[in-house]
Amino acid sequence: MAGSYSGAATAEGDPEADGDVGPAVSDRTVRRIGVGISVAFAAAVLAMLAFILVINPRSRVDPDLLVTIVPRFFEAWLLVLGIFLAGSVSSVFFGIFVGLGRVSNSSITNSIASVYVEFFRGTPLLFQLIVIFFGIPALWPPGAFPIENFAVPAAIIGLTLNHAAYVGEAIRGGIGSVPDGQMEAARSLGMSYVQSMREVVLPQAWRNALAAIGNDQVILVKDTSLLTVIAVPELISEFRDVNSATFDPWTPIVLVAVAYLGITLPLGKAVRYLEARSDWGGDDR
Amino acid sequence: MSDAGDAAGSAETGFAAGSRAAGEALVEFENVHKYFGETHVLKGIDLEVDEREVVVVVGPSGSGKSTLLRCTNRLEEIQEGEIRLEGQAISAPDADVNRLRQRIGMVFQSFNLFPHKTALENVTLGPVKVRGLPGERARDRAMELLDRVGLDDQASSYPNQLSGGQQQRVAIARALAMDPRVMLFDEVTSALDPELVGEVLEVMRDLAEEGMTMMVVTHEMGFAREVGDRIVLMDEGRIVEQGDPRAFFEQPETDRGKRFLSKLL
């Protein structure tokens, strides 16, 4: 991306730079400024971290506390990982159908999918979680709600419903960017609409949508932090427990950061791998 | 007005000349009307294409010739009239379109190869998914067809590793894999670099010689003259003249035909 952008900049910027016409900023200068800003930013972040965790005596990470709380944070991490995996698989699965509904020619299917997307994109996930966790069981007489430990199921349901809306929109965009001729060519062979979608349009739509879906799935990981309000013992809940017991925020903060990045960084890598895999002989001849 | 009169007259003669070939018509168009919203793009098309016949449709852009092809396999719906393939109305509301389309091969201007599949997979997809042909047999047949279009050595290439001419030849093999009764060619060389046009026309010429029934919309007048059994000139949604290509190019019967040819020179 960055390469192709700077390539375009060269093509436009060079004639001016070479021809001494006006004070045009050369491409190389722009790149140097960019690198300079990045380096300065990274240095500032590292310096701040060093100050917080090493130099400042009040915010030092306490090794003894760290060792004691690692197991419970690991457990919370496993739970977050599990909820993420379940929510991810089901939100992508349902999202594909939401996307198909959005491009459907049937006005009923189309409007159902639209209303779904508008509702779940238009209200906060936190609100949706509250409706599911507090609202739904209250529809039963007191004590009669059949699911005992409802927090984790409610979490997975909420994350799935919410993110299926976003995945659906990504899929819709992906389908929209597949040329009409693909569907026509598939139908011309005698394939049904469903076959044509499955064999020809969706695989291409999937690749087009992959970056957007990957982006949404990273957000899903971070959205698990909201589950603290419906009593899921995830990472933020653990942080609050440890902090209120020890008044030491920085030791658990470090663990929480490591735990989230321990999911989101590999996830980003996985998405890039999937993108590279559907290269289909390269983009250019 | 006089053009329309001529059209009716020459449509008759063209039809008579065409039906000399063999038996019943393979594809029949009867009073076909097509509208895009308010725009009337096909204004009562009557045409019969006989088995083994190569009908070349020419005309200025916007004359409705591509639309006519797209209606033939029902990529577009018609509003009036009937289109029949071997006597079965493909335009009927209850027609089994998926089934009828298997007998109609279509090749597009923009190739429309499936970019996520190799050349071989492009050719086997239809037979495997639609016909339920076992993979091994579909593969053998596809290799035969790729060989026929001169691309057996590119079987495992993806479309974007192929030149336009190669892609179009794979697209022809893909359509042939369904063993169609008739092949439709919709300006298949218009998107190609000039030096790649010949290889595609060569494949089409071979097909015509093997007796494939073909409807060809094209701007390649040399091809129309050499390979066509009949030429159909369309203008403003009507067939204005049709007949033997050689006669047409030497001495068009209608004023519209004369004007069309004069613009080509």
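These numbers come from the heavy atoms of this one structure, side chains and all, not from hydrogens, waters or symmetry mates.
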Between B/Arg174 and chain A, which part of the residue has a heavy atom less than 4.5 Å away: side chain, backbone, both or neither?
both
Locate the shortest heavy-atom distance separating B/Arg70 from A/Glu184; write the atom from each residue and the value.
NH2-OE2, 2.6 Å
How long is the straight-line distance from CE of A/Met191 back to CD of B/Gln102, given to the nearest 0.5 Å?
11.0 Å
Report, as yes or no, whether the 6.0 Å neighbourhood of atom NZ on B/Lys34 holds more than 12 heavy atoms from other residues, nucleotides or ligands.
yes
Heavy atoms of other groups near B/Arg139 CZ, more than 12 under 6.0 Å:
no
Using heavy-atom distances under 4.5 Å, tell me whether B/Phe114 contacts chain A through its side chain, its backbone, both, or neither.
both
Does any heavy atom of chain A fall under 4.5 Å from the side chain of B/Leu113, the backbone, both, or neither of them?
backbone
Could you measure the distance from the CE atom of A/Met183 to the CG atom of B/Leu75? Nearest 0.5 Å is fine.
11.0 Å
Heavy atoms of other groups near B/Phe36 CZ, more than 12 under 6.0 Å:
yes
Where on A/Ser188 is there a heavy atom nearer than 4.5 Å to chain B: the side chain, the backbone, both, or neither?
both
Within 6.0 Å of CZ in B/Arg205, more than 12 heavy atoms from elsewhere:
yes
Quick check: are there more than 12 heavy atoms from other residues, nucleotides or ligands sitting under 6.0 Å from CZ of B/Arg99?
no
Please state whether the side chain, the backbone, both or neither of A/Gln195 comes within less than 4.5 Å of a heavy atom of chain B.
side chain
So which of B/Arg101, B/Arg131, B/Met178 actually passes side chain to side chain contact (heavy atoms under 4.5 Å, CB included) with A/Leu189?
B/Met178
Residues, nucleotides or ligands: over 12 heavy atoms within 6.0 Å of B/Asp147 CG:
yes
Looking at side-chain heavy atoms only, is the closest gap between B/Pro115 and A/Gln204 below 4.5 Å?
yes
Could you tell me which of B/Val107, B/Ile104, B/Thr118, B/Asn112 has the largest number of non-hydrogen atom pairs under 4.5 Å with chain A?
B/Asn112
Say whether, by atom type as modelled, one donor and one acceptor occur between the side chain of B/His116 and the main chain of A/Val201 under 3.5 angstrom.
no
Distance-only donor-acceptor check, side chains A/Arg187 and B/Asn73, under 3.5 Å
no
CD (B/Gln161) and CH2 (A/Trp280) are apart, to the nearest 0.5 Å, by 13.0 Å
